[in-house]
Amino acid sequence: MSTTVYVTKTGTKYHYDWCSTLKNSKNLTPMSASDACNRGYGACKVCKPPTW
């Protein structure tokens, strides 16, 4: 089972959709947490999505 996380166009971290750091963000891109890691994104320290 893969966890869906979200990244912003200019961000370097991935987040859960409910993360408070995304409250003003638009145009979020969904992807699996493992895909986000493979693409070089880091896990958000606020919502703490899984790291692979």
Side-chain angles (χ1 to χ4, degrees):
M1 184 171 107
S2 64
T3 301
T4 301
V5 295
Y6 296 84
V7 297
T8 62
K9 187 175 183 178
T10 58
T12 60
K13 304 290 185 187
Y14 60 93
H15 312 262
Y16 284 121
D17 61 346
W18 51 262
C19 184
S20 62
T21 63
L22 295 177
K23 69 180 180 179
N24 294 321
S25 298
K26 296 180 181 181
N27 300 321
L28 299 175
T29 303
M31 64 181 69
S32 70
S34 59
D35 193 25
C37 283
N38 290 337
R39 291 182 185 202
Y41 293 99
C44 173
K45 293 181 179 177
V46 176
C47 64
K48 300 178 181 155
T51 56
W52 304 97

Is there a side-chain contact (heavy atoms from CB on, under 4.5 Å) between N27 and K9? Walk through the geometry before answering. CA-CA 7 Å; N27 300 321; K9 187 175 183 178; 5.8 Å; no

For S20 and V46, what are the C-alpha separation, side-chain angles and deciding distance, and is it a side-chain contact (heavy atoms from CB on, under 4.5 Å)? CA-CA 8 Å; S20 62; V46 176; 3.8 Å; yes

Start with the C-alpha gap between L28 and T8, add the side-chain angles, then the distance that decides, and say whether side-chain contact (heavy atoms from CB on, under 4.5 Å) holds. CA-CA 5 Å; L28 299 175; T8 62; 3.5 Å; yes

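Hydrophobic clustering (side-chain heavy atoms under 4.5 Å, transitive across Ile, Leu, Val, Met, Phe, Trp, Tyr) groups M31 together with Y14.
The shortest non-hydrogen separation linking A43 to P49 is CB-O, 3.9 Å. Taking both residues in full, the closest heavy atoms of V5 and A36 are given as CG2-CB, 4.1 Å, listed atom of the first, atom of the second, then distance. Residues L22 and H15 approach most closely at CD1-CB, 3.5 Å, considering heavy atoms. Minimum interatomic distance between G11 and Y41 (heavy atoms only, all atoms of both residues): O-CE2, 3.4 Å.
Within the 4.5 Å cutoff, the side chain of T4 has no heavy atoms near those of the Y16 side chain. With contacts defined as side-chain heavy-atom distances shorter than 4.5 Å, the pair C44/C47 qualifies.
Annotation: the span from T29 atom OG1 to R39 atom CZ amounts to 8.5 Å, rounded to 0.5 Å.
Residues passing the salt bridge (charged side-chain N to carboxylate O under 4.0 Å, His left out) test with D17, sequence neighbours excluded: none.
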